[in-house]
Q: 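One structure, as structure tokens, below. Some questions next.
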There are 2 protein chains.
Amino acid sequence: MNEADYKKVLTDYIDKRLNISEEEKEIIASSYTLKSFQKKEHIFSQGKPCSIETFVVKGTLRLYHVDNKGQEHVLLFAFPEWWVGDMASFNTGEPSSLNLQVLEETIALVIDPTEKEVLLKKVPKLERLFRLMIQKNLSVLQKRFLLTISANASYRYLELIERSPGIEQLVPQHQIASYLGIHPESLSRMKKQLLK
Amino acid sequence: MNEADYKKVLTDYIDKRLNISEEEKEIIASSYTLKSFQKKEHIFSQGKPCSIETFVVKGTLRLYHVDNKGQEHVLLFAFPEWWVGDMASFNTGEPSSLNLQVLEETIALVIDPTEKEVLLKKVPKLERLFRLMIQKNLSVLQKRFLLTISANASYRYLELIERSPGIEQLVPQHQIASYLGIHPESLSRMKKQLLK
DNA sequence: TCAACTCGTTGACATAGGTTAAGAGATTTC
DNA sequence: GAAATCTCTTAACCTATGTCAACGAGTTGA
């Protein structure tokens with residue numbers, strides 16, 4: 001696949017949701033920059049402003065936070081056709097509280113706040129797309145929050161593998177533990193229990 | 001205070017963030033309906049579509065979810081100048097998973113999806129206001145989520161009363177427990193511990 | 001190819017918070 | 001103003017998960 005092919009993934013994605021003209025497709029394609037990232041690389045980091053919004057074309061990423069005890073907490077794993085970033089930081093310029101790290105070699109389309117503003121001026125329709133995207137993020141997070149405080153770890157684990165079958169092949173187990181909000185030893189013990 | 005005064009709270013709120021003309025103020029004021037709600041009343045409920053978005057002018061509310069074990073979980077308490085609703089349901093018409101209940105007699109300005117769409121057509125500027133509102137909601141929820149999985153209940157309790165001083169006067173303790181994700185007995189025990 | 005890491009597992013013990021039950025004040029309701 | 005209901009507290013016991021330490025199997029790197 002070449003650059004044009006990768007960008008077509010994005011414009012197809014948008015077209016499916018909004019119906020955009022060929023001209024708009026070109027504007028969008030030229031507003032985004034194609035980047036590839038190596039395993040373990042950090043695309044943005046906690047403490048610095050996040051000036052990147054990412055549309056994943058290929059690969060796997062994790063978005064995580066390090067708390068003041070030094071513990072990591074995975075907020076989400078990202079796969080192809082996902083938007084990832086730290087919206088708060090991207091829009092306000094304040095330091096991010098999140099890290100975006102590559103788990104499997106990734107190809108993504110990225111944009112910075114200035115370019116995004118220009119793009120939105122040229123294709124105002126996209127306002128709606130991004131609003132829907134935020135809304136979706138919010139309702140996903142809300143569900144996750146409610147699940148986290150109302151169900152125990154085994155239930156959350158089963159829910160995760162049902163919702164994302166194959167995730168155990170893509171992501172090391174200690175990071176799944178971190179996503180579930182428990183320690184690797186606990187997940188290990190729990191899986192043993194579940195086998196009964 | 002009369003109806004016009006209450007609506008002025010909203011238009012002032014918006015003017016502070018967007019700079020709107022007198023004419024726009026009038027359109028906004030006439031798009032919202034003033035309602036008052038009695039203590040314990042439910043403004044919308046789980047299982048039914050939520051066709052109301054609320055701007056609180058006076059009073060206290062709680063937004064909560066009942067899980068499949070019948071346990072209630074408070075997502076947030078709402079105070080004057082807050083927007084409350086279930087965005088997912090409001091925008092898609094799908095059944096809500098949340099309940100909005102009045103804790104103290106409340107006066108609010110409400111709008112339904114159709115009226116809101118009309119309003120947005122008349123005053124497109126507001127798109128931005130609502131996008132900022134969602135973004136803010138998202139980053140608040142994200143912070144809350146990370147705190148919930150990285151800190152214990154006493155830390156979360158202290159954080160809450162520091163962030164919302166006076167909340168203990170406004171909200172019964174068992175609902176604060178529910179907000180913290182613990183049982184009333186645990187909060188009671190915890191407070192005793194903290195006195196040392 | 002040897003050394004150093006990384007990852008998952010196991011076991012023993014510690015602790016936060018859940019569960020159940022009871023009782024004492026407040027507050028609401030009729 | 002008596003009865004019913006709600007709210008908070010306490011206590012005893014239970015359970016899920018954390019913590020620490022050790023071990024073996026892979027994997028990575030010099």
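Just so it is clear: chains get the letters A, B, ... in the order the sequence lines come, proteins before strands, and each one is counted from 1. The shown structure was predicted, so the numbers you read here are calculated from the model rather than taken from an experiment.
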Q: Hey, which sits more toward the 5' end of DNA chain D by its nearest nucleotide, A:Glu185 or A:Arg156?
A: A:Arg156
Q: Would you confirm whether the ring centroid of A:Tyr179 sits within less than 6.0 angstrom of the ring centroid of A:Tyr64?
A: no
Q: Over how many whole Å does the gap from B:Lys191 atom NZ to D:dA11 atom P extend?
A: 17 Å
Q: With the side chain of B:Asn152 defined as its heavy atoms from C-beta on, choose the nearest nucleotide among D:dT9, D:dG18, C:dG17.
A: C:dG17
Q: From NZ of A:Lys39 over to C1' of D:dT27, roughly how many Å is that when rounded to an integer?
A: 10 Å
Q: Once you round it to whole Å, what is the distance between C1' of C:dT9 and CD of A:Gln193?
A: 14 Å
Q: Under 4.0 Å from OP1 or OP2 of D:dA11: is there any side-chain N or O of B:Lys192 that close?
A: yes
Q: Is there a side-chain polar atom (N or O) of A:Gln175 under 4.0 Å from OP1 or OP2 of C:dC7?
A: no
Q: Is the shortest distance from a Lys or Arg side-chain nitrogen in A:Glu22 or A:Lys25 to a carboxylate oxygen in the other one below 4.0 Å?
A: yes
Q: Rounded to whole Å, please give me the gap between NE2 in A:His183 and C1' in D:dA21.
A: 16 Å
Q: Rounded to whole angstrom units, what separation is found between the CG atom of B:Leu187 and the P atom of D:dC8?
A: 9 Å
Q: Ignoring backbone atoms, establish whether A:Ser188 has a side-chain N or O less than 4.0 Å from OP1 or OP2 of C:dG8.
A: no
Q: Between the side-chain atoms of A:Arg189 and the base atoms of C:dG8, is any donor-acceptor pair under 3.5 Å?
A: no
Q: Taking only side-chain N and O atoms of A:His174, does any of them lie within less than 4.0 angstrom of OP1 or OP2 on C:dT6?
A: no
Q: Between A:Ile182 (CD1) and D:dA16 (C1'), how many Å, whole number?
A: 10 Å
Q: Compute the centroid of each ring, for B:Trp82 and then for B:Phe77, and state whether the two points are separated by less than 6.0 Å.
A: no
Q: Nearest whole angstrom, please: distance from the P of D:dT9 to the CD1 of B:Ile176.
A: 11 Å
Q: Check this one for me: any side-chain N or O of B:Gln71 less than 4.0 Å away from OP1 or OP2 of C:dG18?
A: no
Q: To the nearest angstrom, how far is A:Met190 atom CE from D:dA16 atom C1'?
A: 11 Å
Q: Taking C-beta and beyond as the side chain, do B:Arg128 and B:Met133 meet within less than 4.5 Å on heavy atoms?
A: no
Q: Using a strict cut-off of less than 4.0 Å between a Lys/Arg side-chain nitrogen and an Asp/Glu carboxylate oxygen, indicate whether A:Lys122 and A:Glu23 qualify as a salt bridge.
A: no
